[in-house]
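Only one structure is covered here, and it is reproduced in the block below.
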There are 2 protein chains.
Amino acid sequence: MILSRSSEYAIRAFLYLAKQEPGRLVMARQIAEDAGLPGHFLAKLLQQLARKGLVRSNKGPSGGFTLANDPRQINILSIVEAVEGIEGSTVEVPSPRTATDGWTTLHSRIVDYLEQTSLADISKTGNGSARKRKAAKNN
Amino acid sequence: MILSRSSEYAIRAFLYLAKQEPGRLVMARQIAEDAGLPGHFLAKLLQQLARKGLVRSNKGPSGGFTLANDPRQINILSIVEAVEGIEGSTVEVPSPRTATDGWTTLHSRIVDYLEQTSLADISKTGNGSARKRKAAKNN
DNA sequence: TGAATAAGGGACATTGATATCCCCTATCGA
DNA sequence: TCGATAGGGGATATCAATGTCCCTTATTCA
């Protein structure tokens with residue numbers, strides 16, 4: 001599977017939040033329901049993302065979550081890393097074999113793409129797609 | 001984690017086989033040892049890949065595995081799909097929500113990249129890298 | 001032909017990701 | 001100030017990915 005389920009849920013939640021008016025607080029249960037995601041599990045993910053500073057949260061009535069930054073400033077990699085830990089994007093070379101092998105090359109290309117792609121890049125979909133270029137810059 | 005461990009192992013094994021003289025048979029244990037991969041587990045993966053026709057296998061003494069095609073003809077996606085099943089690359093839209101949402105967009109971009117990238121593309125690494133362009137074609 | 005070899009394939013153990021639940025804490029509004 | 005609300009966080013259950021083992025089958029070679 002390309003990207004873990006946790007990453008998928010987090011990205012879907014971010015896409016949902018990106019559609020709201022900026023600063024509007026939406027509670028986890030609402031997001032889960034509207035986006036079709038497992039509620040309790042999503043709540044945990046959002047808590048993690050709040051600790052990392054990617055979303056802002058408020059407790060109590062009329063509380064909820066909202067994006068901490070403009071969707072154009074949020075790159076997908078930061079979401080994935082916040083959810084899966086950095087190990088997911090950094091390739092650990094176990095033994096001092098070839099320092100940069102083919103796998104590392106492939107992996108870092110994908111990581112670079114995720115880093116250069118913003119939430120806004122993929123949210124304006126449905127019509128003729130938003131942006132081009134971006135990747136194919138590294139290597 | 002970007003791509004499962006199984007996919008990583010399979011791709012590493014393919015990269016190893018791609019370095020051999022074409023048609024040369026290498027046994028699973030040898031590949032695992034040289035590439036630093038878990039032996040028994042890799043053997044299972046290679047069996048799967050043999051069934052899917054991506055590698056050819058021979059039993060008995062002087063047996064082993066070899067690539068079924070030229071590394072330039074093997075795209076990474078085919079390896080990933082053979083190991084993880086097609087479910088990994090096809091996004092199942094659970095409910096008839098928005099047919100093409102942002103997640104689907106992102107996911108299919110990565111899948112397209114994997115499909116357009118060959119084994120040869122990533123194996124010529126270590127020097128100045130081999131090819132460019134490729135991605136950024138879809139969307 | 002038979003002994004050694006290596007893949008094929010099933011059974012099982014282990015680990016980590018995924019998912020749910022419950023109670024605590026902070027906050028809002030009456 | 002009190003009750004309701006919503007996130008914070010720990011404990012636990014479930015399930016799939018990962019990893020190991022063992023026996024079978026096919027093949028080679030002496």
Side-chain angles (χ1 to χ4, degrees), chain A residues 1-13 17 24-68 80-88 92 94, chain B residues 1-13 17 24-68 80-88 92 94:
Chain A
M1 173 176 10
I2 289 92
L3 294 178
S4 68
R5 268 230 161 55
S6 294
S7 289
E8 174 178 349
Y9 295 163
I11 292 170
R12 285 191 185 278
L17 288 174
R24 161 92 180 288
L25 289 168
V26 187
M27 53 186 187
R29 185 154 34 90
Q30 186 73 50
I31 301 173
E33 190 175 322
D34 290 352
L37 308 174
H40 293 284
F41 190 60
L42 176 64
K44 282 299 166 62
L45 292 174
L46 288 171
Q47 287 172 24
Q48 247 181 289
L49 292 161
R51 256 180 275 133
K52 299 287 177 61
L54 290 180
V55 297
R56 273 194 302 256
S57 62
N58 276 152
K59 290 187 178 181
S62 76
F65 296 91
T66 190
L67 294 184
V80 173
E81 283 186 342
V83 159
E84 309 190 355
I86 316 285
E87 318 82 49
E92 337 73 353
Chain B
M1 172 175 10
I2 288 91
L3 293 179
S4 67
R5 266 226 162 52
S6 295
S7 288
E8 173 179 350
Y9 295 162
I11 291 170
R12 284 192 186 278
L17 288 174
R24 162 93 180 287
L25 288 168
V26 187
M27 54 187 186
R29 185 153 34 89
Q30 186 72 51
I31 301 173
E33 190 175 322
D34 291 351
L37 308 175
H40 293 285
F41 191 59
L42 176 64
K44 283 300 168 60
L45 292 174
L46 288 171
Q47 288 171 25
Q48 248 182 289
L49 292 161
R51 257 180 273 132
K52 298 285 178 63
L54 290 180
V55 297
R56 273 193 302 255
S57 63
N58 276 152
K59 290 187 179 181
S62 78
F65 295 90
T66 190
L67 294 183
V80 173
E81 283 187 342
V83 158
E84 309 190 356
I86 317 286
E87 316 82 50
E92 338 72 352

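The sequence lines fix the lettering, A, B, ..., with proteins before strands; numbering per chain opens at 1. As the structure is a computational prediction, the values presented were derived from the model and not from experiment.
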Please work out if A:Gly39 contacts a base, only the sugar-phosphate, or nothing of the nucleic acid, heavy-atom cut-off 4.0 Å.
->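 Result for A:Gly39 = nothing.
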
Across the strands shown, which category fits A:Ala43 at heavy-atom distances under 4.0 angstrom: base, sugar-phosphate, nothing?
->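 It contacts nothing in the nucleic acid.
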
Given [options], identify the nucleotide with an atom nearest to the side chain of [X].
| X | options | value |
| --- | --- | --- |
| A:Lys59 | D:dT18, C:dG8, C:dT27 | C:dT27 |
| A:Phe41 | C:dT18, D:dC21, C:dC21 | C:dT18 |
| B:Pro61 | D:dT28, D:dG9, C:dG9 | D:dT28 |
| B:Lys44 | C:dG9, D:dT28, C:dA19 | C:dG9 |
| B:Ser6 | C:dT18, D:dT18, C:dA6 | D:dT18 |
| B:Ala50 | C:dG8, C:dT20, C:dC28 | C:dG8 |
| B:Phe65 | C:dA7, C:dT20, D:dG19 | C:dA7 |
| A:Gln47 | C:dT27, D:dG8, C:dA7 | D:dG8 |
| A:Met27 | C:dC21, C:dC28, D:dA6 | D:dA6 |

Do A:Glu8 and A:Arg12 meet the salt-bridge criterion of a basic N to acidic O distance under 4.0 Å?
-> yes

Look at the side chain of A:Thr66 and the backbone N and O of A:Arg24, then say whether any donor-acceptor pair between them is shorter than 3.5 Å.
->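 Flag set: sc A:Thr66 to bb A:Arg24 pair under 3.5 Å.
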
